[in-house]
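This is a predicted model, so every value here is computed, not measured.
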Amino acid sequence: MLIYTHQNCIEHEVPQGHPERPDRLIHLLQHLKDTGVTDDFPLIPAPKISSAQVDIAHDLHYFSSLEAKSPHEGLEALDPDTWMSTLSLAAAEHAAGAVWQGVNDVISERDSRVFCAVRPPGHHAEISSPMGFCLLNSVAIAAINALEIPSIHKVAILDFDVHHGNGTVDLCKDNPNILVCSSFQHPFYPGRFHDLERPNIVNTPLPSGTVGNAFRQAIARDWWPAIHHHQPDLILLSAGFDGHQADPLAQLQLVEDDYYWITQEIVALAKQYSKGRVVSALEGGYDLQALGTSVVAHLEALKG
């Protein structure tokens with residue numbers, strides 16, 4: 001297993017009190033060190049995604065519009081939730097670059113599993129709109145570009161963040177070679193694309209208060225048949241840990257064992273269909289302690 005991160009991802013600044021704060025990544029990386037994870041899997045600096053690769057996935061002028069909005073000092077609000085500081089766009093480029101490098105690593109057989117410890121998250125960024133803390137849709141960018149690789153014909157994106165992956169659905173909804181499965185608390189933010197009906201889109205809404213057993217039953221009912229039918233050559237994960245019962249932004253009641261379970265099941269499917277290839281990118285998770293312990297559980301199953 002390979003783990004990517006980048007210092008710029010810490011240096012992406014947001015207003016005081018914002019939940020998607022640098023402390024998330026600072027705490028997570030320290031927890032990975034304290035638990036010995038980085039002794040076995042040293043952190044690797046993530047490269048930047050190219051603007052050309054962004055243009056393939058997002059609107060052709062989207063990246064240049066973000067460049068134009070990037071402040072020379074201080075903070076710039078893109079919407080009430082989404083902010084840019086001087087290094088925010090660089091952070092997003094490294095976050096997307098980590099996922100794309102991970103795709104290249106698993107396809108070249110450098111390793112079969114990759115985790116990207118990055119921020120800002122990406123799965124709310126739509127074709128032409130940043131939103132929900134997200135600037136570049138790292139996972140969707142990687143999926144769309146991966147289909148340009150001769151050996152990759154089908155990709156699955158599996159999103160277990162507590163918020164619906166509206167941006168990923170927006171970018172991938174008309175590409176039948178990309179399966180998007182998203183579980184999410186409902187009704188809840190962002191309230192977009194969650195009822196879209198497409199053969200390649202699987203939405204799994206979960207009521208507030210959903211516990212682990214109900215979560216597992218819903219995933220097994222909706223996701224596993226879709227993956228068996230799609231038979232992806234590559235699996236990408238939008239790994240959000242804000243469904244944890246301790247998370248301050250939502251009301252699902254998941255625990256570390258639930259994240260271990262879903263990851264273990266995904267790895268088994270990857271071994272069946274995609275030569276074990278799984279690239280996971282951090283999305284949400286806003287209680288620092290729960291984020292750290294949940295990611296460690298995820299990595300324990302991922303490396304298997």
Side-chain angles (χ1 to χ4, degrees), residues 2-33 37-38 41-55 57-58 62-79 81-105 114-125 130-142 145 161 167 236-241 279-286 288 291-292 295:
L2 305 174
I3 302 178
Y4 284 98
T5 190
H6 198 277
Q7 179 64 28
N8 282 165
C9 294
I10 293 173
E11 294 165 340
H12 160 52
E13 297 176 10
V14 291
Q16 186 74 25
H18 195 287
E20 206 295 285
R21 58 205 188 278
D23 287 350
R24 295 180 65 234
L25 192 53
I26 294 169
H27 177 86
L28 174 57
L29 297 179
Q30 186 62 48
H31 188 70
L32 296 182
K33 180 179 179 181
V37 171
T38 55
F41 306 103
L43 301 177
I44 305 170
K48 281 187 176 183
I49 197 77
S50 71
S51 60
Q53 288 167 314
V54 175
D55 291 344
H58 283 280
Y62 180 67
F63 186 81
S64 60
S65 74
L66 289 179
E67 286 184 311
K69 294 171 184 173
S70 184
H72 296 294
E73 60 180 23
L75 300 175
E76 179 74 21
L78 305 184
D79 66 27
D81 300 313
T82 312
W83 293 75
M84 294 183 76
S85 62
T86 56
L87 291 173
S88 295
L89 185 55
E93 290 175 273
H94 283 292
V99 184
W100 178 240
Q101 182 60 49
V103 168
N104 285 277
D105 289 337
V114 175
F115 179 69
C116 304
V118 293
R119 59 181 288 276
H123 72 150
H124 293 311
M131 63 179 289
F133 314 159
C134 304
L135 301 177
L136 298 177
N137 197 315
S138 303
V139 170
I141 290 168
N145 279 275
D161 190 276
L236 305 179
L237 305 184
S238 279
F241 300 95
V279 180
S280 175
L282 178 65
E283 297 281 2
Y286 305 100
L288 299 186
L291 175 62
V295 169

Counting only N and O atoms by type, is there a donor-acceptor contact under 3.5 Å from the side chain of [X] to the main-chain atoms of [Y]?
X: Asn8; Y: Ala90; result: no
X: Ser138; Y: Gly122; result: no
X: His94; Y: His6; result: no
X: Asp81; Y: Gly132; result: no

Can you check whether [X] reaches [Y] side chain to side chain, under 4.5 Å on heavy atoms?
X: Cys134; Y: Pro120; answer: no
X: Ser51; Y: Glu93; answer: no
X: Phe115; Y: Leu282; answer: yes
X: Leu236; Y: Val103; answer: yes
X: Asp23; Y: Leu288; answer: yes
X: Leu87; Y: Ser70; answer: no
X: Leu28; Y: Thr5; answer: no
X: Val54; Y: Leu66; answer: no

Checklist entry - Checking side-chain contact (heavy atoms from CB on, under 4.5 Å) for the pair Leu136/Tyr62: CA distance, chi angles, key distance, verdict? => result CA-CA 9 Å; Leu136 298 177; Tyr62 180 67; 4.0 Å; yes

State the [atom1]-[atom2] distance between [X] and [Y], to the nearest 0.5 angstrom.
X: Gln30; Y: Thr38; atom1: CD; atom2: OG1; answer: 8.5 Å
X: Met131; Y: Asn137; atom1: CE; atom2: CG; answer: 11.5 Å
X: Lys69; Y: Leu135; atom1: NZ; atom2: CG; answer: 10.0 Å
X: Tyr286; Y: Arg24; atom1: OH; atom2: CZ; answer: 5.0 Å
X: Glu11; Y: Thr86; atom1: CD; atom2: OG1; answer: 8.5 Å

Checklist entry - Considering residues at least two apart in sequence or located in another chain, which fulfil the side-chain contact (heavy atoms from CB on, under 4.5 Å) criterion with Ser64? => result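 Scan of Ser64 (side-chain contact (heavy atoms from CB on, under 4.5 Å), adjacent residues dropped) gives His61, Glu67.
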
Item to check | Residues that Ala98 engages under side-chain contact (heavy atoms from CB on, under 4.5 Å), provided they are two or more places apart | outcome: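 With neighbours one apart ignored, the set is Tyr4, Ala46, Cys116, Val118.
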
Next on the checklist: For a quick check under 3.5 Å, do Asn104 and Gln101 share a side-chain donor-acceptor pair by atom type?
Outcome noted: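 Per modelled atom types, Asn104 and Gln101 side chains form no pair under 3.5 Å.
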
Checklist entry - What residues form a ring-ring contact (aromatic ring centres under 6.0 Å, His included) with His12, not counting sequence neighbours? => result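 Expected list: none.
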
Item to check | Residue from His124, His123, His18 passing ring-ring contact (aromatic ring centres under 6.0 Å, His included) with Phe133 | outcome: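 With Phe133 as partner, His124, His123, His18 yield a single ring-ring contact (aromatic ring centres under 6.0 Å, His included), made by His18.
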
Next on the checklist: Go through it in stages, so that I can follow the logic: the residues are Leu89 and Phe63, the test is side-chain contact (heavy atoms from CB on, under 4.5 Å), and I'd like the CA-CA distance, side-chain angles, deciding distance and then a yes or no.
Outcome noted: CA-CA 9 Å; Leu89 185 55; Phe63 186 81; 4.0 Å; yes

